[in-house]
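Written out below as structure tokens is the structure these notes cover.
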Amino acid sequence: MEKTKSQNIKMEESRNYIQHASTNIRESCVKINDTIEKFEKISEASEDIGKILNIMKNISSQINILGINATIEASKVGSSGTGFAVVAQEIRNLSRMTSESLLRTKTLISYLQDAINTCSDSMRDNSQTLSGIIHHVDKIKCSFQEFEETALAQKEEILQLHQIMQELNVSTAQNNETVHNTNAICDNLFFNVSELAQITNNMHSLPTHYSLQ
């Protein structure tokens, strides 16, 4: 009985542990899915930024063309257009620096998008793996529940068997007492028969004139 009780306690602890683990895994899945959604939003924002950078690149190209045209026009004017030529050159330099900065920014954003997509795919795989684990944990929980039901049924059968054994022990004790009493009665009867046989022998040994007519 004590062993069965200890097993029931361990089984209950195991079931509680599995329940706790299942809850934690489900919460982790929810957090992972939320993170995936945030990554997707960041990826969408990065795409929008990329579109804006393309627009800025086109603007920078147009500014560079304007600077070239201004330089050409300034050279046509001659010495009086020297100052304007310097301004046009600075515009071209700014356009070139802007184009280089936009290119580096676009490269970084592209790298960021690739990293986000990789993390999203990895988290999605982890979420699917955890979902599979939850499925198996649920099956284990069902198995534990079935085992617990079986154990409870066996416990009830053991209690019934124990009750039968107790009744059998009581009946055996009563039978033993009956046998003991029967033996005592038999011993007493045997003693009485022995005495009667002795008396009968004694009567046969009496003289003839004492014999019964």
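- Follow the hydrophobic side-chain contacts under 4.5 Å out from I63 and you reach I55 in the same cluster.
- A heavy-atom distance below 4.5 Å is not found between the side chains of R96 and S99.
- Note that OG1 of T107 and CG of L112 are 12.5 Å apart. Values are rounded to the nearest 0.5 Å.
- Between atom CD of residue E157 and atom CG of residue L161 there is a gap of 9.0 Å, rounded to the nearest 0.5 Å.
- By the 4.0 Å N-to-carboxylate-O rule, E37 lies too far from K41 to be salt-bridged with it.
- Note that CG of D48 is 10.5 Å distant from CD1 of I109, once rounded to the nearest 0.5 Å.
- Counting heavy atoms from C-beta on, the side chains of I52 and M56 come closer than 4.5 Å.
- A distance-only check finds a donor-acceptor pair linking the side chain of T178 to the backbone of Q174 [under 3.5 Å].
- A distance of 9.0 Å separates NE2 in H162 from CG in N169, rounded to the nearest 0.5 Å.
- Put simply, OG on S101 and CG on L53 are 10.5 Å apart, with the number rounded to the nearest 0.5 Å.
- Under the 4.5 Å side-chain criterion, counting only non-hydrogen atoms from C-beta, K106 is not in contact with I49.
- Between atom NZ of residue K57 and atom OG1 of residue T98 there is a gap of 13.0 Å, rounded to the nearest 0.5 Å.
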